[in-house]
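Below is one structure; the comments refer to it alone.
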Amino acid sequence: MNTETGKTALITGASSGIGQELAKLFAQDGYNLVLVARSDDTLNRLADVFRSNYGTQQITVIGKDLSQENSAQEVYDEVKRQGITVNYLVNDAGLSTYGKFATETDWEKETELIHLNVVTFTHLTKLFLKDMVARNEGRVLNLSSLVAVVPFPLQTVYAATKAYIYSFTLSMNNELKDTNVTMTALMPNATDTDFFNKAGAADTVITDSLQDPVMVARDGYKAFLKGESKVIPGGAKNKMYEIMGYVAPPEMTGAMMRYNNERKDSEAVKKQQKTIAWTIGVAAGVVVSVAALLAAYNNTNAIDRARYRYKAKSAGRSAKNALASVTDSLNGTYHDVKSKVEEALA
Ligand SMILES: NC(=O)c1ccc[n+]([C@@H]2O[C@H](COP(=O)([O-])OP(=O)(O)OC[C@H]3O[C@@H](n4cnc5c(N)ncnc54)[C@H](OP(=O)(O)O)[C@@H]3O)[C@@H](O)[C@H]2O)c1
């Protein structure tokens with residue numbers, strides 16, 4: 001336990017998922033809380049749990065739709081009215097939409113998304129950061145995402161807002177470097193919360209490999225307390241995704257993320273699965289044949305083995321030639337399959 005009682009953390013999006021897990025960590029460490037989201041019933045229930053489980057002294061619940069004009073100012077004014085000093089600000093509240101931007105997604109929903117993920121995020125940060133800089137103390141944690149560094153087709157607007165948050169945080173790290181105020185970007189991979197369900201993307205390929213929100217919150221919280229500029233929870237595998245985002249061609253990461261974000265029962269996914277099954281089948285066939293040949297060779301007598309070795313040598317020469325033409329033809333098949341997959345995903 002890292003108790004610093006007397007300090008207050010304001011957490012947006014504390015009613016569910018990663019935000020709720022973060023709120024729990026602050027409560028366990030003895031901080032006072034300001035919990036913000038639309039579901040004030042859920043926040044009040046959570047406040048009761050924190051009071052009885054962790055003895056949290058001061059919890060303020062603010063039920064607010066942060067996608068509305070002026071909502072950041074209203075939250076700030078309410079906090080000031082209650083005489084609360086916010087030492088830690090956690091910008092967690094966020095949402096996404098699902099579908100092709102040009103033809104499928106709804107503009108009203110996207111406006112709500114941009115307002116919540118970008119406008120309110122920026123305004124709330126500006127309001128509280130000014131006070132933190134004046135006091136020369138404070139920390140801010142911003143929920144970005146791994147999709148800030150790779151294309152995320154079918155959640156295009158969402159990914160762009162997370163890239164905004166990431167870029168904002170990196171620039172602010174420089175602006176704040178001569179102060180005792182820090183800002184951290186938390187960049188999780190896909191996480192097991194209600195997020196995909198709310199976005200209408202609960203049946204996408206990516207939802208088969210979701211990570212634990214408790215782990216995400218814990219890694220984010222640790223990095224936040226250390227004042228690190230960014231954190232990618234989940235160890236080396238997710239760090240590799242980040243590196244891929246910087247070095248791999250965006251066409252490649254875009255195609256990979258498009259596949260991950262397709263619905264599981266879509267034609268594109270079925271075609272891709274057939275290609276994978278076909279490749280595995282061929283590879284398994286080759287392994288079984290080689291194993292059978294080796295077993296037969298081991299069961300023969302010394303004279304036959306010498307004869308086979310001689311035959312194998314001359315067969316090896318023709319195999320070398322055959323291999324060259326097989327390689328050429330596999331190369332052709334690869335490009336053929338690749339363009340078919342790209343066509344299916346287009
Ligand atoms: N899950 C993932 O795969 C993933 C990955 C990377 C980053 N993230 C980011 O993590 C953050 C939290 O997401 P989550 O996965 O924990 O999803 P979640 O369980 O759906 O939580 C979203 C939170 O945001 C709040 N919220 C949504 N719209 C709001 C509004 N208009 N006004 C006020 N609060 C609002 C929700 O509260 P109410 O509904 O009560 O208002 C809820 O507390 C988001 O910023 C998301 O972009 C998630």
Side-chain angles (χ1 to χ4, degrees), residues 10-24 34-47 61-72 74-75 90-98 108-121 123-125 141-150 152 155 157-166 168-169 184-202 204-217 219-221 230-234 238 241-242 257 260-261:
L10 185 151
I11 301 150
T12 69
S15 62
S16 81
I18 300 168
Q20 189 174 104
E21 294 304 330
L22 283 164
K24 193 169 158 188
V34 180
L35 307 176
V36 188
R38 288 166 303 183
S39 325
D40 43 1
D41 281 358
T42 310
L43 294 180
N44 280 314
R45 277 200 301 277
L46 203 61
V61 165
I62 303 179
K64 184 70 67 186
D65 183 347
L66 296 173
S67 69
Q68 297 300 305
E69 198 72 33
N70 274 332
S71 51
E74 287 162 15
V75 169
V90 178
N91 287 305
D92 169 87
L95 62 85
S96 186
T97 56
Y98 182 82
E108 254 179 51
K109 196 78 192 152
E110 272 157 354
T111 313
E112 187 187 331
L113 185 167
I114 294 168
H115 210 103
L116 175 68
N117 295 13
V118 176
V119 180
T120 301
F121 154 74
H123 194 192
L124 203 61
T125 305
L141 179 64
N142 298 328
L143 257 294
S144 177
S145 165
L146 259 188
V147 300
V149 296
V150 287
F152 198 37
Q155 292 193 52
V157 177
Y158 169 75
T161 66
K162 292 292 147 177
Y164 172 91
I165 293 171
Y166 181 45
F168 178 93
T169 310
T184 306
L186 173 52
M187 304 172 75
N189 200 342
T191 305
D192 193 5
T193 66
D194 209 21
F195 173 85
F196 285 95
N197 190 29
K198 287 176 188 158
T204 49
V205 173
I206 203 167
T207 60
D208 280 341
S209 45
L210 297 175
Q211 56 187 4
D212 182 6
V214 176
M215 176 279 289
V216 170
D219 284 9
Y221 184 71
K230 68 170 178 185
V231 52
I232 295 161
N238 288 335
Y241 279 121
E242 187 206 9
M257 295 307 283
N260 281 339
N261 214 14

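Every number for a ligand or one of its atoms is a count from 1 in the order of the listing. Keep in mind the model is a prediction, meaning the values are calculated, not measured.
For atom 3 (O) of ligand 1, the nearest non-hydrogen atom of the protein is T191 N, 2.7 Å. Nearest non-hydrogen protein atom to atom 27 (C) of ligand 1 is R38 NH2, 3.5 Å. Closest to atom 16 (O) of ligand 1 among all protein heavy atoms lies I18 N, 2.8 Å. Regarding atom 45 (O) of ligand 1, its nearest protein heavy-atom neighbour is D92 O, 2.7 Å. For atom 19 (O) of ligand 1, the closest non-hydrogen atom on the protein side is S16 OG, 2.7 Å. Nearest protein neighbour of atom 20 (O) of ligand 1, counting heavy atoms only, is K198 NZ, 2.7 Å. Nearest protein neighbour of atom 36 (C) of ligand 1, counting heavy atoms only, is S15 OG, 3.8 Å.
Side-chain contact between E69 and H115: present, with at least one pair of heavy atoms (C-beta onward) separated by less than 4.5 Å. In this structure, T125 and N91 have side chains that are in contact, with non-hydrogen atoms separated by less than 4.5 Å. Under the 4.5 Å side-chain criterion, counting only non-hydrogen atoms from C-beta, T204 is not in contact with N260.
Annotation: side-chain hydrogen bond (donor to acceptor under 3.5 Å, both in side chains) contacts of T193 (sequence neighbours excluded): none. Annotation: ring pair (Phe, Tyr, Trp, His ring centres under 6.0 Å) contacts of F168 (sequence neighbours excluded): F121.
Side chain to side chain, D41 and N44 fail the donor-acceptor criterion of an N or O pair below 3.5 Å.
With D40 as reference, V61 is the one residue of L35, I62, V61 to meet the side chain to side chain contact (heavy atoms under 4.5 Å, CB included) rule.
Within the structure, the closest approach of N189 to ligand 1 falls below 4.0 Å when heavy atoms are considered. Using a non-hydrogen distance threshold of 4.0 Å, K64 registers as a contact of ligand 1. The shortest separation from a heavy atom of S96 to ligand 1 is not under 4.0 Å, leaving the residue out of contact. In this structure, Q20 has no heavy atom closer than 4.0 Å to ligand 1.
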